[in-house]
Amino acid sequence: MKVVDFVAGYTIKEAIAKAQRESAKIQEPVHATVNDIVLIIDNKTDIEKIYQGYIEKLKFKNEIETIKRQK
């Protein structure tokens with residue numbers, strides 16, 4: 001599985017779409033890391049569904065960081 005890391009310059013949806021194109025190109029899923037959130041994307045991935053999953057993971061990550069700061 002190919003690993004794709006994204007840095008500044010892409011919106012989340014652009015990064016997901018780019019990973020999806022890369023997956024279609026190599027014909028296997030890719031392991032995409034966007035802002036330390038890991039996503040597995042293939043060429044048939046629903047971009048909106050993956051985006052919503054990303055938002056949920058981001059909220060969870062922020063909750064954990066908030067709890068860590070409170071201690």
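Everything quoted here is computed from the prediction, not taken from an experiment.
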Salt bridge (Lys or Arg N to Asp or Glu O under 4.0 Å) partners of residues 47-61, not counting sequence neighbours, each pair once: Lys13-Glu48, Asp36-Lys61
Taking the side chain from Thr45 and the backbone from Ile41, do they hold a donor-acceptor pair closer than 3.5 Å? no
Any chain of hydrophobic side-chain contacts (each under 4.5 Å) joining Phe60 to Ile55? no
Where is the tightest heavy-atom contact between Ser23 and Pro29, given as atom of each residue plus distance? OG-CA, 3.8 Å
Gln27, CD atom: more than 12 neighbouring heavy atoms under 6.0 Å: no
Roughly how far, to the nearest 0.5 Å, is CD of Glu22 from CG of Asn43? 11.5 Å
Ile50 and Ile40 have their tightest heavy-atom pair at CD1-O, 4.2 Å
With a cutoff of under 4.5 Å between side-chain heavy atoms, which Ile, Leu, Val, Met, Phe, Trp and Tyr residues group with Val38? none
To the nearest 0.5 Å, how far apart are CD in Gln20 and CG in Leu39? 12.0 Å
To the nearest 0.5 Å, tell me how far Ile16 CD1 sits from Asp46 CG. 10.0 Å
CD1 of Ile12 to CG of Asn35, rounded to nearest 0.5 Å, is 4.5 Å
Nearest-0.5 Å distance that lies between atom CD1 in Ile47 and atom OH in Tyr54: 15.0 Å
